[in-house]
Each structure stands twice: as structure tokens, then as C-alpha cells.
Amino acid sequence: MKLQHNLGGLEGLDPINAETQVFVEPWEQRIFGIHTAMMALSNHLSDSLPDYAIEDVPTTFKSFWTWGHLRMGAEGMHPFDYFRLRYYEKWLGGISSFFISEGYITQEELDARTAEMLENSEKAAAPLPVRDAPEIDAQVLKYLREGDSPMRELPTPPKFSVGDRVRIKNVSPADHSRLPGHLKGYVAEVVRVYEGAFTYFFPTEDGIGTPMPVYSLAFKNEDIWPESLTEPNSFYYNDIFEVYIEAA
């Protein structure tokens with residue numbers, strides 16, 4: 001992964017944020033709600049599991065949006081900005097950029113609205129518009145209850161079995177990846193082959209996107225990190241898509 005997602009075991013990353021509240025500021029709840037509504041109204045749900053009649057929902061949001069898109073936006077940030085910004089500030093930046101790229105709003109409109117809000121930050125915030133949209137509300141609630149399953153039927157048998165020794169490939173992360181960068185090149189043992197196949201929301205340049213097996217792999221800690229940072233006979237486990245591994 002990119003620099004900010006390739007930190008496994010690195011020292012000197014203090015201070016560690018020990019914040020226990022899910023939402024610290026009221027606006028964070030709002031951006032979480034916006035992201036959830038975008039996922040619930042995404043146009044890809046017409047082909048998802050379970051079935052959604054998304055074409056019958058009277059929404060002006062007609063785009064493709066998933067957790068993967070949210071993560072891709074974060075991975076595309078400058079590392080300094082990534083570490084400087086709060087968790088939901090990253091969400092806000094990614095979602096704002098997406099709305100601009102999809103043509104829902106222009107950069108000029110966003111800048112003007114931002115300046116207006118900053119100028120009036122000491123005043124009471126204007127109430128948000130209220131829409132009577134029961135079909136949209138019902139779709140969002142259905143999505144919250146039923147989700148969007150990544151599981152599919154297995155197209156071909158898994159290449160590896162429990163007990164096999166495998167190596168993590170050294171693949172380029174490109175724009176988006178689900179491979180922890182600090183595991184590249186290391187050998188592990190397959191300890192579980194998950195049932196079925198798992199897809200990803202969209203194809204990535206490093207190979208995921210089509211249904212494939214996923215494996216639980218056990219790495220010896222001392223193979224990855226200095227002995228001073230590990231405990232004897234301890235293991236590190238990670239779930240990895242098949243495209244990222246090869247026979248050791």
C-alpha cells in the first residue's frame with residue numbers, strides 16, 4: 001500500500017490517538033450519515049446481493065460509491081495531510097472530491113460555500129433542509145439491515161490448502177490495494193481457506209475485483225520484525241486475497 005498504509009510494526013509514530021468516542025464533533029455524525037446514504041443509493045446495488053430495486057428509488061444520486069471508493073480517496077492523499085487530518089476530515093475530503101468529480105457540485109461552488117460557512121462560524125448554523133422522501137429513507141434503512149454481501153459462488157477450486165506454505169507477492173499498489181505493504185515477500189502458512197469466493201466492489205490494477213478465494217495466513221513474527229519487538233513462538237494472522245499470494 002501507499003506510505004500511510006505500510007506502517008506495520010514501525011516505531012516512533014507517537015503520539016497515539018487513544019480517543020474512545022466514535023464521534024467527537026457533531027458534524028462527524030453527519031458525514032458518516034452522508035457516506036452511508038451514498039452506499040445505500042449506489043447504482044451498483046442493482047447487481048448486488050441481496051437484491052435491491054435501486055432503479056425504483058427516486059434519488060438524484062446516480063453514482064457508484066462503496067467503502068472501497070472511500071478508502072481509495074484516503075490512499076490518494078498526500079501522506080502529510082493523511083497524518084495531519086482527523087479521521088472524519090479524511091472522509092469529508094474524499095466525499096467532497098467525489099461529488100466534484102461526478103459533477104454534482106463545482107470546485108467554485110464548494111469554495112464559495114466553505115468561505116461563507118467560515119465567515120459565519122460564530123453565528124447559529126442555518127437549519128438543514130428537510131425533504132419528505134420515504135422511498136429513500138426505506139432504501140437506506142434496508143441497506144443498513146441487509147448490507148451488500150461480497151460473497152459469491154467459487155468459480156474455480158482454491159489453489160492452496162490448509163498447511164501450504166505461501167509467499168506474499170511483491171505487487172504494485174497502484175491507486176488502491178487491499179494488500180498490507182509490510183507483508184510483501186514474506187512466507188506464511190495457510191491456516192484457513194474461507195468458504196466461497198469473495199469479490200471486491202470494483203477492479204483494481206493489482207488484481208482484485210473478480211470473485212476469488214480468501215485465505216487466513218499465519219506469519220512468524222520474528223520473520224517480519226526484529227526479535228526485540230516480538231515474543232517467542234508468536235504469530236501474526238492476516239486474511240489475504242488469492243491473487244496476492246504464490247507457492248513458497
Side-chain angles (χ1 to χ4, degrees), residues 1-24 28 32 66-94 150 158-195 198 200-201 204-209 212-248:
M1 291 186 175
K2 304 294 178 63
L3 174 62
Q4 59 266 40
H5 300 109
N6 191 13
L7 304 178
L10 291 185
E11 295 183 279
L13 296 178
D14 294 334
I16 296 174
N17 185 354
E19 178 61 62
T20 57
Q21 289 181 267
V22 177
F23 303 111
V24 179
E28 297 177 341
F32 182 87
T66 66
W67 279 109
H69 293 90
L70 187 69
R71 292 305 311 155
M72 184 164 58
E75 290 178 23
M77 295 178 66
H78 191 288
F80 289 169
D81 289 334
Y82 185 90
F83 293 119
R84 176 178 60 84
L85 298 174
R86 292 179 56 84
Y87 184 69
Y88 285 105
E89 286 178 317
K90 301 182 186 73
W91 284 37
L92 177 59
K159 294 180 180 179
F160 306 102
S161 303
V162 172
D164 286 350
R165 300 275 290 169
V166 297
R167 186 186 311 277
I168 305 299
K169 296 178 182 178
N170 186 14
V171 296
S172 171
D175 288 335
H176 183 51
S177 178
R178 299 307 300 164
L179 176 63
H182 66 285
L183 297 180
K184 292 180 181 180
Y186 287 107
V187 172
E189 180 179 330
V190 176
V191 295
R192 182 177 180 183
V193 182
Y194 290 101
E195 288 188 29
F198 292 79
Y200 196 63
F201 302 109
T204 66
E205 291 183 28
D206 64 2
I208 58 174
M212 69 181 69
V214 172
Y215 304 86
S216 179
L217 306 181
F219 298 83
K220 291 183 179 179
N221 283 347
E222 62 266 25
D223 290 345
I224 303 176
W225 297 290
E227 184 177 352
S228 60
L229 299 179
T230 64
E231 296 181 2
N233 301 316
S234 59
F235 292 88
Y236 171 71
Y237 296 88
N238 212 303
D239 294 342
I240 304 292
F241 282 97
E242 185 175 81
V243 73
Y244 294 139
I245 65 178
E246 60 190 2

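Values below: every heavy atom of this structure, side chains too, minus hydrogens, waters and symmetry copies. Residue indices begin at 1 and follow the sequence shown.
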Find the distance between [atom1] ([X]) and [atom2] ([Y]) and round it off to the nearest 0.5 Å.
X: Glu75; Y: Leu70; atom1: CD; atom2: CG; value: 10.5 Å
X: Tyr186; Y: Asn238; atom1: OH; atom2: CG; value: 14.0 Å
X: Ile208; Y: Ile240; atom1: CD1; atom2: CD1; value: 10.5 Å
X: Asn170; Y: Glu246; atom1: CG; atom2: CD; value: 9.5 Å

Apply side chain to side chain contact (heavy atoms under 4.5 Å, CB included) to Arg178 and Thr204, showing your working.
CA-CA 9 Å; Arg178 299 307 300 164; Thr204 66; over 6 Å; no
Side chains of [X] and [Y] in contact at under 4.5 Å (non-hydrogen atoms):
X: Arg86; Y: Val24; value: yes
X: Arg84; Y: Glu89; value: no
X: Val190; Y: Leu217; value: yes
X: Glu28; Y: Tyr87; value: no
X: Val193; Y: Phe160; value: no

*Hey, what's the ring geometry for Phe241 with Tyr244, parallel, tilted or perpendicular (30° and 60° as the breaks)?*
perpendicular
Which label fits Phe32 and Tyr88: parallel for a plane angle under 30°, tilted from 30 to 60°, or perpendicular past 60°? perpendicular
Residues Tyr215 and Asp164: side-chain donor-acceptor under 3.5 angstrom:
no
| said: Does Glu231 have more than 12 heavy atoms from other residues, nucleotides or ligands lying within 6.0 Å of its CD? | reply: no
Return yes when atom NZ of Lys220 has more than 12 non-hydrogen atoms of other residues, nucleotides or ligands closer than 6.0 Å, and no otherwise.
-> no
Closest heavy-atom pair and its distance - [X], [Y]:
X: Ala218; Y: Phe235; answer: CB-CD2, 4.3 Å
X: Ser216; Y: Tyr237; answer: OG-CD2, 4.5 Å
X: Thr230; Y: Glu222; answer: CG2-N, 4.1 Å
X: Pro213; Y: Pro158; answer: CG-CA, 3.8 Å

Backbone of Ile168 reached by a side-chain donor or acceptor of Lys184 within 3.5 Å: no
| Centroid-to-centroid, Tyr236 to His182, below 6.0 Å? | yes
His176 ring center near Phe201 ring center (under 6.0 Å): no
